[in-house]
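Let me begin by presenting the structure, written as C-alpha cells, before commenting on it.
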Amino acid sequence: MAKEIEMSTKYQPNQVEAGKYEKWVELDLFKPSEDDSAEPYSIVIPPPNVTGKLHLGHAWDTALQDIIIRQKRMQGYDTVWVPGMDHAGIATQAKVEERLAEQGTNRHELGREKFLEEAWNWKEEYASNIREQWAKVGLSVDYSRERFTLDEGLNKAVTKVFVDLYNKEKIYRGEYIINWDPKAMTALSDIEVDHKDIQGAFYHMKYPLADGSGFLEIATTRPETMLGDTAVAVHPDDERYQQYIGKTVLLPLMDREIPVVADDYVDMEFGTGVVKITPAHDPNDFEIGNRHDLERLNVMNRDGSMNKNAGKYEGLDRFKARKEVVADLDELGLLIKVEEMVHSVGHSERTGVVVEPRLSTQWFVKMEQLAEEALANQKTDNKINFAPERFEKTFETWMENVHDWVISRQLWWGHQIPAWYHNETGEVYVGETAPEDAENWTQDEDVLDTWFSSALWPFTTMGWPDTDNRDFQRYYPTNTLVTGYDIIFFWVSRMIFQALEFTETRPFENVLLHGLIRDEDGRKMSKSLGNGIDPMDVIDEYGADALRWFLSNGSAPGQDVRFSYEKMDSSWNFINKIWNASRYVIMNLEDFEYEDIQLDGEKTLADQWILARLNETVAHVTDQFEKFEFGEGGRALYNFIWNDYCDWYIEMSKEILNEGTEEQKRTTRSILTYVLDQTLRLLHPIMPFVTEEIWQHIPHEGESIVAAAYPVVHPEFENADARDNMNTVIELIKAVRNIRSEVNRPLSQTVDMIVKVNSEADKEMLTANKSFIVRFCNPGELTIDTEVDVPNEVMSAIVKGAEVFLPLQGLVNVEEEIARLEKELDKWQSEINRAKGKLGNEKFVSNAPDAVVQAERDKQVEYEKRYQAVQDQIAKLHELK
RNA sequence: GGAUCUUUAGCUCAGUUGGGAGAGCACUACCUCGACAAGGUAGGGGUCGCAGGUUCAAGCCCUGCAAGGUCCACCA
C-alpha cells in the first residue's frame with residue numbers, strides 16, 4: 001500500500017549533508033535580498049584568528065549567529081552576515097616564527113618584508129581551512145563581503161583612527177611601566193596578562209645603613225630587581241623607622257648609596273614595613289619614583305636577561321640571576337630567610353611566560369573620556385542591549401575602572417604605527433601618509449595591538465570611513481553581535497567606545513553572550529590538558545545538525561555548557577525521529593502533490609487539535625527566538641514533534657489512511673504534509689541540512705527551504721474545544737493502557753470497555769472518535785453512554801468527563817485493586833483538601849486573580865467527582881469479596 | 001578584598017514577568033503492531049544547598065550562611 005521511498009530507515013547525516021552547502025552558495029541564497037522595501041538585519045562574525053582550526057566554542061558561537069540570521073532571512077528581512085578573520089598579531093607571528101625555526105631560520109635573518117610574505121602565506125592557508133569548517137557547520141555567510149583585519153581597507157581605517165585620536169590628544173606616547181613579554185619581546189595590555197597562583201618565595205634580606213648604624217629588613221619575591229633599586233621606602237607615620245627617613249642605605253651587591261624615603265603607599269602592617277623601590281621594574285615603585293624624583297634604572301634586556309646596569313650579573317637570564325643574587329646575599333650574611341609562599345604571578349596570555357613589568361616607551365590610548373562616553377551612552381536610547389542583561393554590569397564595571405590602553409606591540413605582523421621620527425631632531429610626526437621629506441624620517445617599527453583593529457570591525461566591514469556607501473547606510477549599526485562573555489573586555493567594550501567615537505552610534509543593537517564549552521568532566525578545554533574536541537570530528541560522527549541542536553539547546557543563555565557524547569546521541573536520536581516521521585508521511589502521500597494540499601475539508605478532532613497545537617508552537621518558538629532563548633524554543637519544538645505529532649497525530653492518521661474515505665484521506669494527507677512542512681521551517685534555522693533534505697522530499701514550492709517563508713500564527717487554527725476534547729480522549733486512552741499494563745493484558749488481546757460519560761456532549765464527542773479509541777485500546781466491545789450497566793468484577797479509572805470500566809472476569813485481584821484504588825482515593829482526598837484550604841482562605845479568594853480562584857474551584861468540583869467515583873468502585877469491590 | 005555565576009531526580013541540565021516540579025540519559029515491567037528497537041507503552045525516583053523574611057501563594061523576589069566555579073583588583 002505505502003509507497004517505496006528513497007530515504008534510508010536510519011538518519012545518516014553524512015549522506016544528508018553532502019553537497020547541500022555548495023548548492024546553497026551556488027544559488028546565492030546567503031546574499032542579501034537587496035529588497036529595499038524589506039527591513040535590513042545584519043550581523044558581523046567575530047573574526048576567528050588565522051592561527052589554527054576552529055574549536056567547539058567557535059562552532060557554538062557561529063551556530064547561534066546562523067540560527068538568528070536564517071530565521072530573519074525566512075521572515076523576510078534583507079539579511080547580511082559578514083564573515084572575516086583576524087590577523088591575531090602575537091599569536092600568528094609566534095606560529096610563523098615557530099615554523100621558521102623548524103626551517104632553521106628566523107625573522108631577523110629574513111627581514112621584515114620577507115617575514116611578512118611568510119605570514120601572508122600562512123594566513124591564506126589557514127583562511128581556507130576556516131572557510132571549509134564554516135561550510136561544514138553550515139554557516140550562511142555572504143562570502144562576497146569577507147574581510148580580514150589586516151586588509152587594505154581595514155589598514156586605511158586603522159590609520160585614520162590612530163591619526164584622529166592622536167590629533168584629539170586621545171593617543172599619546174610615553175615612558176611607563178608596561179607588561180613585557182620577554183619571549184615575544186613585546187608589550188602587552190593589562191588584559192593580555194593572566195594571573196596564576198604559583199609556588200614562589202618571599203626573600204627576606206638586609207640592607208645595611210650607610211652610616212653603619214644597622215640594617216633595614218626588606219622582603220621581596222623578585223630579588224633580582226634589587227639590582228635596579230634606587231631607594232627604599234617606609235610609611236611616614238611608622239614610628240619604627242622615623243629615624244631613618246632621609247638617611248641612606250648601601251645597596252648590597254651593587255654598593256650604591258640609595259635614600260630612605262617616606263611614602264603613604266607603604267603598608268605598615270605588611271611584611272617589615274620597609275619596601276625596596278625599583279622604579280624601572282614595578283608600576284607602584286614607578287609612581288613612588290615620580291613622587292620622589294628617583295632615578296629609573298633598567299637592569300634588564302628585552303629578552304629578560306640582565307643588562308649592563310646589573311653589574312656582574314649582566315647576561316644572565318632573570319631567573320638565573322635571581323638564584324645568584326640570593327646565593328651571593330646569603331654568602332654575605334645578608335639573607336635572613338626564604339619563606340615559601342604561593343603568590344599570583346602574571347603570565348603572558350599568548351606565550352605563557354612570566355610577564356616582566358618593565359619601563360618602556362609605548363603608545364597609549366587615553367581611556368577616561370572614551371569610557372565616560374560609553375557609560376553615558378548606556379543611559380540613552382542608543383544603548384546596547386546585553387543578553388543576558390547581567391553582562392551589562394560586567395561591561396560597566398570594567399569601563400569604570402579601565403586604565404589607559406597600551407596599543408603598541410613590538411611585532412611585525414600587524415598595522416604599523418603611522419608615526420615617524422625625525423632622524424636628527426627626533427621630532428614626532430603622525431599622519432595618514434609619510435612625511436614629505438621621507439628620507440629624513442624613520443617610521444615607528446612597532447605595530448598596533450590586534451584588538452585595535454578588531455575594535456573597528458562592525459563599521460570597517462561596512463566600508464567605513466566611506467560612510468556614503470550602501471552597506472554602511474543600510475546595514476550599520478548592525479543588529480546583533482554574538483560572542484563569548486570571556487571577551488567582553490577585549491573586544492565588546494572596545495568596539496563600543498570606538499564606534500561611539502567614530503560613527504556616533506552604537507556598533508550593534510544587541511549583544512548576545514554565551515559561555516564556554518567544557519569537557520565532559522566540566523574542565524575548560526585547553527591544549528595543555530589535551531581535552532579539546534574537534535568539532536569536525538563531532539560533525540563526521542553525528543552531523544552538523546545534531547551538533548547545532550546540542551549547542552543551541554544544551555544550556556541557558558550565558559551559561560557554560562559541558563560537551564556530552566550522551567547528549568549528542570540524543571540529538572541524533574531526535575533528528576532520527578523527525579527523519580522517520582517524515583518517512584511515514586512521504587510513504588503515505590502516494591501521488592499527492594503540492595496543489596492537492598487542502599486544509600478546508602472536514603476535519604477530525606485530531607486534525608483540529610494538531611493545527612491548534614502547531615499554532616501554539618509557532619507563537620511560542622517565535623517569541624523565544626526573539627529573546628534569543630533558543631533552548632526554550634527548541635524544547636517546545638521537541639515536545640510538539642515527539643509528543644504531539646508523532647505519538648498522537650501520526651498514530652491517529654493511520655486510522656484514516658487505512659479506513660477513511662478519499663475525501664478524509666486527502667484532508668489527513670494535507671495536514672500531515674502541512675504540519676510537517678511548517679515544523680521543518682521552524683527547525684530549519686537550527687538544523688539546516690536535514691530540514692532541507694526532507695523538505696525536498698515532500699510536496700513543496702520553491703527551490704530551497706533556506707528561502708521559504710517562516711511560519712506565522714493562523715488565528716483560524718485556534719481551537720480551545722479541540723484541545724479540551726483531545727485531552728479527554730488522550731487521558732481516556734492512557735487510563736486504559738495503564739490498566740492493561742497493571743493486569744498484563746497487551747494490546748494484542750481484546751478487553752471490553754464500558755465508558756460512562758457525564759454528558760450528552762461528551763458522549764457525542766467520544767462516539768465520533770470511537771474508531772481512534774478502538775485503534776489505541778483494542779476493546780472487544782465498546783460501550784459509550786450516559787447510563788451503563790457495569791459488572792461487578794471490573795477495573796476502573798476516571799478521567800475528565802468520563803469513567804471507564806474494563807470487565808476482567810477472573811483477572812481482577814480484588815485485594816490489590818482495592819489497595820490501588822485506596823491509594824488513588826488518598827490522592828484525590830489530599831487534592832480536595834488542598835483546594836478547599838486555599839478557597840477557605842479569605843485572603844486568597846480576595847487577593848488572587850479571578851482566573852486563579854476559578855480554576856481552583858473547578859478543580860475542587862472535578863476532584864470531588866473523581867473521589868466519589870473511586871469510592872463507589874471500592875464499595876463494589878468490597879461486595880465482591 | 002570586590003563582583004558574579006552555580007547548588008532542582010542516580011548523572012547532565014531546563015524551569016521566561018510568583019499560581020500544583022520537567023527533559024535527556026540511567027532504572028523497572030511489558031511490546032517486534034508496515035515511520036522509527038538508537039523504537040513503543042506503562043511505571044519508580046525530588047522537604048528545588050541551609051536559615052530567615054516578603055506574599056493569599058516562593059524553585060522563582062529580599063537578607064544572611066555554606067559549598068563549588070569564574071572574572072577583576074592587590075600581593076614590596
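So that the names make sense, note that chain A is the first sequence line, chain B the second, and so on, each numbered from 1. No experiment lies behind these values; they were computed from the predicted model shown.
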If you check the [X] side chain, which of [options] turns out closest?
| X | options | value |
| --- | --- | --- |
| A:Glu566 | B:C25, B:A35, B:C75 | B:C25 |
| A:Asn576 | B:C56, B:C36, B:C30 | B:C36 |
| A:Ala848 | B:G19, B:C36, B:U12 | B:G19 |
| A:Lys577 | B:A73, B:G39, B:U16 | B:G39 |
| A:Arg390 | B:C36, B:U6, B:U4 | B:U4 |

Taking [M] as the reference, what is the distance to [N] when you measure between their [atom1] atoms (whole Å, please)?
| N | M | atom1 | answer |
| --- | --- | --- | --- |
| B:G15 | B:G52 | C1' | 25 Å |
| B:G59 | B:U47 | P | 14 Å |
| B:U7 | B:C61 | P | 11 Å |
| B:U55 | B:G18 | P | 16 Å |
| B:G49 | B:C74 | P | 36 Å |
| B:G10 | B:U28 | P | 16 Å |
| B:A9 | B:A23 | P | 14 Å |
| B:A58 | B:G19 | C1' | 10 Å |

Taking any heavy-atom pair under 4.0 Å as a contact, classify [X]: base, sugar-phosphate, or nothing.
| X | value |
| --- | --- |
| A:Val585 | nothing |
| A:Tyr485 | nothing |
| A:Thr220 | sugar-phosphate |
| A:Asp560 | nothing |
| A:Tyr265 | sugar-phosphate |

Output field: ring centroids A:Trp572/A:Tyr542 closer than 6.0 Å: no

May I ask you to evaluate whether [X] reaches the phosphate of [N], defined as a side-chain N or O under 4.0 Å from OP1 or OP2?
| X | N | answer |
| --- | --- | --- |
| A:Asn841 | B:C56 | no |
| A:Lys393 | B:U4 | yes |
| A:Asn284 | B:C75 | yes |
| A:Arg562 | B:C13 | yes |
| A:Lys654 | B:A35 | yes |
| A:Asn573 | B:G39 | yes |
| A:Lys10 | B:A35 | no |

Atom-pair distance ([atom1] on [X]; [atom2] on [N]), nearest Å:
| X | N | atom1 | atom2 | answer |
| --- | --- | --- | --- | --- |
| A:Lys838 | B:U55 | NZ | C1' | 12 Å |
| A:Lys843 | B:U54 | NZ | C1' | 13 Å |
| A:Asp229 | B:A76 | CG | P | 13 Å |

No-H, no-angle donor-acceptor pair, A:Glu651 side chain to B:A35 base, under 3.5 Å: yes

Side-chain donor/acceptor contact of A:Ser570 with base of B:C25 under 3.5 Å: no

Nucleic acid footprint by protein, nucleotides 41-48 of chain B - heavy-atom cut-off 4.0 Å, B for base, S for sugar-phosphate alone: SSS-----

Secondary-structure stems for RNA chain B, with pairs counted as Watson-Crick or G-U when both distances are under 3.5 Å and runs at least 3 long: B:1-7 with B:66-72, B:10-13 with B:22-25, B:27-31 with B:39-43, B:49-53 with B:61-65

A:Lys654 NZ/CZ over A:Tyr584 ring centroid, <6.0 Å and within 45° of normal: yes

Residues in side-chain contact (heavy atoms from CB on, under 4.5 Å) contact with A:Asp229, at least two apart in sequence or another chain: A:Tyr207, A:Met226, A:Leu251, A:Ile258, A:Lys276, A:Thr278

Residue whose closest nucleotide on RNA chain B lies nearer the 5' end, A:Thr221 versus A:Gln624: A:Gln624

Ring pair (Phe, Tyr, Trp, His ring centres under 6.0 Å) evaluation trace for A:Phe489 with A:Trp398: CA-CA 7 Å; A:Phe489 306 143; A:Trp398 188 72; 5.3 Å; yes

